[in-house]
Amino acid sequence: VSKLAPQAREYAAPGQGAIPPSKKRYIPTSGTYPLGFSAASAHVGVKPSNTRFDDVALIASEVPCSAAAVFTTNKFQAAPVTVSRNMLNRRRGEGIRAVVVNSGCANAVTGRGGIEDAISMGHETDQCFVNDSNGKDDGQGSRSIVMSTGVIGQRLPIKKITSKLGTVYGNLGETHHHWLSAARAICTTDTFPKLISRTFTLPGSQEEYRIAGMTKGAGMIHPNMA
Amino acid sequence: TLLGILCTDAPVGAAPLQQSLTDAITKSFNSISIDGDTSTNDTVVILANGAAGGKPITSTSSDEFRAFQETLTAFAIDLAKLVVRDGEGATKFVTIKVTNAKTYEDAKRVANSIARSPLVKTALYGKDANWGRILCATGYAEGVESVVPEETSVSFVPADGSEELKLLVRGEPEQVDESRAAEILAEEDLEIVVRLSEKFDEEAVVWTCDFSHEYVTINGDYRT
């Protein structure tokens with residue numbers, strides 16, 4: 001790489017670079033997060049060059065919840081897109097417990113093996129919940145949504161990932177720090193984690209509700225999801 | 001790749017949740033462009049666990065659903081804008097507003113055409129008020145019926161909300177105040193307004209960024 005582009009820098013590991021001063025104002029220092037959800041991250045080293053930074057995130061609900069999704073309409077859909085869409089269709093968007101995300105490898109254009117890896121990532125995430133009070137298998141298969149982001153055309157180091165899912169599950173927490181760590185772990189070439197939260201009310205209800213969201217993306221961005 | 005994970009403790013059933021997300025995406029994440037490339041992995045999910053209690057939203061015809069949909073759309077727009085703020089190598093945050101189109105789809109196609117134009121994006125990086133490139137990208141937008149060259153106007157709206165700088169009015173170029181154009185383009189935020197025809201009133205907004213040397217550096221390095 002250095003011979004081809006001596007000016008090139010390494011951009012691959014999440015959180016690797018210092019956050020540019022002009023971007024710091026977009027990173028929240030606190031948040032109001034939805035009840036019953038928790039977030040976490042852990043270092044796996046999906047990219048071998050990433051020796052320090054968290055690259056797997058988990059967002060989980062204490063109770064089974066409704067879920068909906070939109071996916072890329074690119075005809076070459078990555079394995080986690082296919083697996084997650086099929087899972088949500090099978091379950092009709094009900095009974096979901098978690099979203100598990102890795103950065104560093106997109107698990108895209110990886111053939112049947114990639115599909116098996118994505119299924120395994122979801123299944124092993126489910127296993128983290130089997131011993132909690134809402135973790136009993138309902139007989140409808142996986143209840144974890146799987147996402148991957150990073151380079152295309154490489155197989156996931158699935159054993160490395162699944163071996164750390166217990167760690168990331170153990171890191172789950174409800175604080176701003178937990179949410180921000182998860183937002184940072186899904187980054188690739190992003191220069192800052194993207195996380196916002198707010199409260200809202202609905203007509204005819206006394207309740208106050210919360211919504212939180214994290215996103216990542218910096219390049220290969222012209223979404224056309226459905 | 002774009003990934004998004006949204007969570008709420010509102011009690012929303014799966015079917016209305018899907019409807020509200022699908023609607024919200026059109027005017028948020030499907031209305032941004034960094035480099036014009038659609039990824040193999042783009043995914044946005046939303047989870048609703050109902051932990052805050054209250055009456056469940058089970059249909060798409062209630063006031064509660066409409067209120068939730070509005071909240072979700074505004075929230076998704078704010079999240080989507082953060083992605084544009086972090087566009088690879090971006091130095092500018094650009095709002096492209098296309099008005100006076102026959103349909104929303106027409107306006108969106110024109111806005112996307114401008115947002116994807118490398119020459120528009122490099123002009124923005126170079127702080128050049130190059131309305132010719134904007135007009136060119138407007139003119140080749142595919143499948144658009146409502147572009148009428150002699151009725152088309154292009155303006156820059158400063159980030160501070162002061163009076164817009166008119167570059168082209170009804171197909172005729174304006175005498176541009178270059179020093180004011182330079183002031184407007186020196187700011188990080190910029191809004192480009194393109195008015196297509198006085199006969200129509202639909203509009204669309206797309207958010208994008210400029211193209212810089214840094215974009216090439218990053219993507220010349222990033223390996224599959």
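Every chain is numbered from 1 and lettered A, B, ... according to where its sequence line falls, protein lines coming before strand lines.
One finds a salt bridge joining B:D78 and A:R198 here, because a Lys/Arg side-chain nitrogen approaches an Asp/Glu carboxylate oxygen to under 4.0 Å.
With chain B as the partner, the residue from A:R91, A:E62, A:K194 showing the most heavy-atom pairs under 4.5 Å is A:K194. Top candidate by heavy-atom pairs under 4.5 Å with chain A, chosen from B:L6, B:T71, B:V83, is B:V83. Options A:V63, A:V99, A:I196 differ in how many heavy-atom pairs under 4.5 Å they form with chain B, and the most are formed by A:I196. Across A:R92, A:Q77, A:K75, A:M147, the residue that shares the most heavy-atom pairs under 4.5 angstrom with chain B is A:M147. For the options A:A57, A:A68, A:A226, heavy-atom pairs under 4.5 Å to chain B are most numerous at A:A68. Your options are A:G93, A:G36, A:A78, and the one with the most heavy-atom pairs under 4.5 Å with chain B is A:A78. Your options are B:A10, B:S31, B:A115, and the one with the most heavy-atom pairs under 4.5 Å with chain A is B:A10. Your options are B:V12, B:L72, B:I32, B:T22, and the one with the most heavy-atom pairs under 4.5 Å with chain A is B:I32. Note on A:F76, A:Y26, A:Y33: by heavy-atom pairs under 4.5 Å with chain B, the leading option is A:Y26. Among B:G4, B:G87, B:C209, the residue with the largest count of heavy-atom pairs under 4.5 Å with chain A is B:G4. Interface remark: of the candidates B:T1, B:L17, B:V45, B:T1 forms the most heavy-atom pairs closer than 4.5 Å to chain A. Among B:L21, B:N112, B:I25, B:N30, the residue making the largest number of heavy-atom pairs under 4.5 Å with chain A is B:N30.
Inspection of the B:D86 and A:T191 side chains reveals an N or O donor paired with an N or O acceptor under 3.5 Å. Using modelled atom types, one finds no donor on one side chain facing an acceptor on the other under 3.5 Å when comparing B:T38 with A:H222.
A:F71 contributes atom CZ, which lies 11.5 Å from atom CG of B:D42 (distance to the nearest 0.5 angstrom). The distance from the CZ atom of A:R97 to the CG atom of B:N49 is 10.0 Å, given to the nearest 0.5 Å. Rounding to the nearest 0.5 Å gives a distance of 8.0 Å between CG of B:N41 and CG of A:N107. From A:N224, atom CG reaches atom OG of B:S33 across 11.0 Å, with rounding to the nearest 0.5 Å. If you take CD1 on A:I211 and CZ on B:F68, they are separated by 5.5 Å, rounding to the nearest 0.5 Å. For the atom pair CG of B:L47 and OG of A:S61, the computed distance is 7.5 Å after rounding to the nearest 0.5 Å.
Looking at A:E208, only its backbone comes within 4.5 Å of chain B, counting heavy atoms on both sides. Neither the backbone nor the side chain of A:L88 comes within less than 4.5 Å of any heavy atom in chain B. Of the two parts of A:K23, only the side chain, counted from C-beta on, holds a non-hydrogen atom closer than 4.5 Å to a non-hydrogen atom of chain B. With a 4.5 angstrom heavy-atom cutoff, B:E188 touches chain A only via side-chain atoms. For A:I145, the part sitting under 4.5 Å from any heavy atom of chain B is the side chain, from C-beta outward, and nothing else. With a 4.5 Å cut-off on non-hydrogen atoms, A:T73 does not touch chain B at all. Proximity to chain A is absent for every atom of B:R66, based on heavy atoms less than 4.5 angstrom apart. In this structure, chain B has heavy atoms under 4.5 Å from both the backbone and the side chain of A:F192. Of the two parts of A:P203, the backbone and the side chain both hold a non-hydrogen atom closer than 4.5 Å to a non-hydrogen atom of chain B.
Pairing each heavy atom of A:N74 with each of B:S39, the nearest pair is CB-O, 3.4 Å. Among all heavy-atom pairs drawn from B:A52 and A:L35, the shortest one is CA-CD1, 4.1 Å. Shown here for A:Y209 and B:G53, the closest heavy-atom pair between the two residues is OH-O, 2.9 Å. Between B:L2 and A:P223, the shortest heavy-atom distance links the atoms CD2-CG, 4.0 Å. Between B:A14 and A:A67, the shortest heavy-atom distance links the atoms CB-O, 4.3 Å. Between B:C7 and A:W179, the shortest heavy-atom contact is SG-CH2, 4.0 Å.
The shortest side-chain heavy-atom distance between A:F200 and B:F75 does not fall under the 4.5 Å cut-off. Using a 4.5 Å cut-off on side-chain heavy atoms (C-beta onward), B:Q18 and A:V70 make contact. Between B:L3 and A:T215 the shortest side-chain heavy-atom distance does not fall below 4.5 Å.
In this structure, the side chain of A:T72 does not engage the main chain of B:T40 through any donor-acceptor pair within 3.5 Å.
A 6.0 Å sphere centred on CZ of A:R90 holds more than 12 heavy atoms belonging to other residues, nucleotides or ligands.
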